[in-house]
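Here's the structure, in structure tokens; my notes come after.
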Amino acid sequence: MAATVVRNARPVSPRLSKYCGALVGAVVGDCLGAYFECKRHVKVDELLNHFAALDSVRKEQQFTDDTAMARSVARSLVEKKGLDVKDMASRFVSEFYKEPDRGYGGSIAAVFSKLEKSGCSDPFLPAKEQFDGQGSFGNGGAMRISPTALYGYNLSEEELNKVSEDITRITHTHPDALRGAQLQCSAVRLALRETDTDHLNTNNFIQKLRTTMKQLENPQNLDNHPQPYCDKLDTIEEFLKRDSVDCSEVVECLGNDISALGSVPTAIYCFLRSLKPVDYIPKENPFERTILYAISLGGDTDTIATMAGAMAGAYYELDRVPQHWQDICEGVPDAVSYAKQLHTLCSDLMDSHK
Ligand SMILES: [Mg+2]
């Protein structure tokens, strides 16, 4: 697919440390969140004790399906110099059959089986047939989308949304899953584009995401048209105005489950909330705070932490990701390598359009 590069007033040379931060942030969120996955409630004491003990741990913390699939997204974008849906689908399939025990959702195996049998001849068809033709509304598209934000740093918004949608449609076709992946990708790209890592205007950040989602959910601006992601962004904005919001209220209103709608906005809130201290998480490093806060909400902890970790890593840059976490989490050197390759690809795309 030909990439449309828009030259505008925005900085066109993304910082490599932000690229590395995004992909490494996503990996450590996945690896460290996996320990608590599926716990409905995470006790603060248990969380803090676990992370304190982790300081002396040397054992590798393994990544799950989130990272396994994100690696395929990154590899395919790099090797094909853009989106080649069939190539990406076949990478998902080979990765799944190579290591099926990475914690993939139960229904995804049927999609991979059909893709394998058909040789990915129509890479969108098996997912479209899921759930009586409704498609999955899970967060499996959003959990792996972050490398797309690096590739699409300079794409037009329309182009970026199309790439995110097509990558998601290989496994998830329900509108909630598609919009969720687009929201996650947009949020990571916004975080990459922020140059002041000490001050983030959260209202502007949310407003930009709202504009994107409004265009996707209700392009004709119809009255009473459902726009569930815009509604969640409103909730995030309201929560951020309050001094404190109880975890149970965050979970009740934003969610912590495996649906895209019940997890992507939550990840955005985790990132934005953790810009400021959180009273029960005694961490001065805001990247660490983001990961611990995301996990403290329980539920789909690896995916919410990987999505929040991608935004936080993109914003704070690689050196804020604790070195020890980088040392013990599986797949960090590869994430750095993919980030570098995507950075080069992005620069090459810019040069080819000059
Ligand atoms: Mg997972």
Side-chain angles (χ1 to χ4, degrees), residues 22-40 42 47 50 54 59-75 88 91-112 127 130 136-148 167-168 170-172 176-177 180-181 184-185 188 251 255-268 270-271 290-313 325 328-332 334-335 338:
L23 295 199
V24 172
V27 170
V28 302
D30 180 25
C31 294
L32 302 179
Y35 179 84
F36 293 92
E37 190 180 5
C38 298
K39 290 200 174 184
R40 283 189 64 193
V42 173
L47 178 73
H50 174 78
L54 213 55
K59 184 169 166 259
E60 187 176 63
Q61 308 293 300
Q62 294 191 319
F63 63 71
T64 77
D65 55 335
D66 305 52
T67 301
M69 295 193 80
R71 288 156 64 97
S72 293
V73 170
R75 272 190 201 134
M88 197 171 287
R91 285 173 195 272
F92 288 160
V93 171
S94 355
E95 189 63 40
F96 173 73
Y97 284 107
K98 196 172 71 180
E99 295 183 318
D101 299 326
R102 288 281 187 183
Y104 288 88
S107 58
I108 203 83
V111 174
F112 290 141
Q130 289 277 87
S136 168
F137 53 71
N139 54 22
M143 74 181 189
R144 65 176 184 249
I145 206 69
S146 299
T148 314
I167 291 173
T168 304
I170 301 169
T171 52
H172 295 67
D176 283 1
Q184 169 68 15
C185 188
V188 174
V251 171
N256 66 350
D257 56 47
I258 61 171
S259 70
L261 187 60
S263 57
V264 177
T266 313
I268 293 170
C270 290
F271 164 54
T290 305
I291 298 298
L292 267 73
Y293 181 71
I295 295 171
S296 77
L297 298 178
D300 196 4
T301 47
D302 58 331
T303 296
I304 295 174
T306 204
M307 296 191 294
M311 291 172 223
W325 289 6
I328 60 172
C329 290
E330 180 190 14
V332 167
D334 286 344
Y338 298 141

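First listed ligand is number 1; within each ligand, the first listed atom is number 1. Positions are given from 1 along the sequence.
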Output side-chain donor-acceptor pairs under 3.5 Å for residues 32-40, partner residues at least two apart or in another chain, one line each.
residue	atom	partner	partner atom	Å
Lys39	NZ	Glu46	OE2	2.9

Sorted by chain and residue number, the side chain to side chain contact (heavy atoms under 4.5 Å, CB included) partners of Ser107 (sequence neighbours excluded) come out as Gln130, Phe131
Side chains of Asp300 and Asn139: donor-acceptor distance under 3.5 Å anywhere?
yes
Using only atom types and a distance under 3.5 Å, with no angle test, would you say the side chain of Thr67 pairs donor to acceptor with the backbone of Phe63?
no
Handout entry: Tyr338 six-ring face occupied by Arg75 cation (under 6.0 Å, within 45°)
Key = no
Taken in chain and number order and not counting sequence neighbours, the residues that satisfy side chain to side chain contact (heavy atoms under 4.5 Å, CB included) with Phe96 are Pro100, Tyr104, Ala109, Phe112
Checked the Mg ion (ligand 1): protein N, O or S atoms closer than 2.8 Å come out as Thr64 OG1, Asp65 OD1, Asp66 OD1, Asp302 OD2
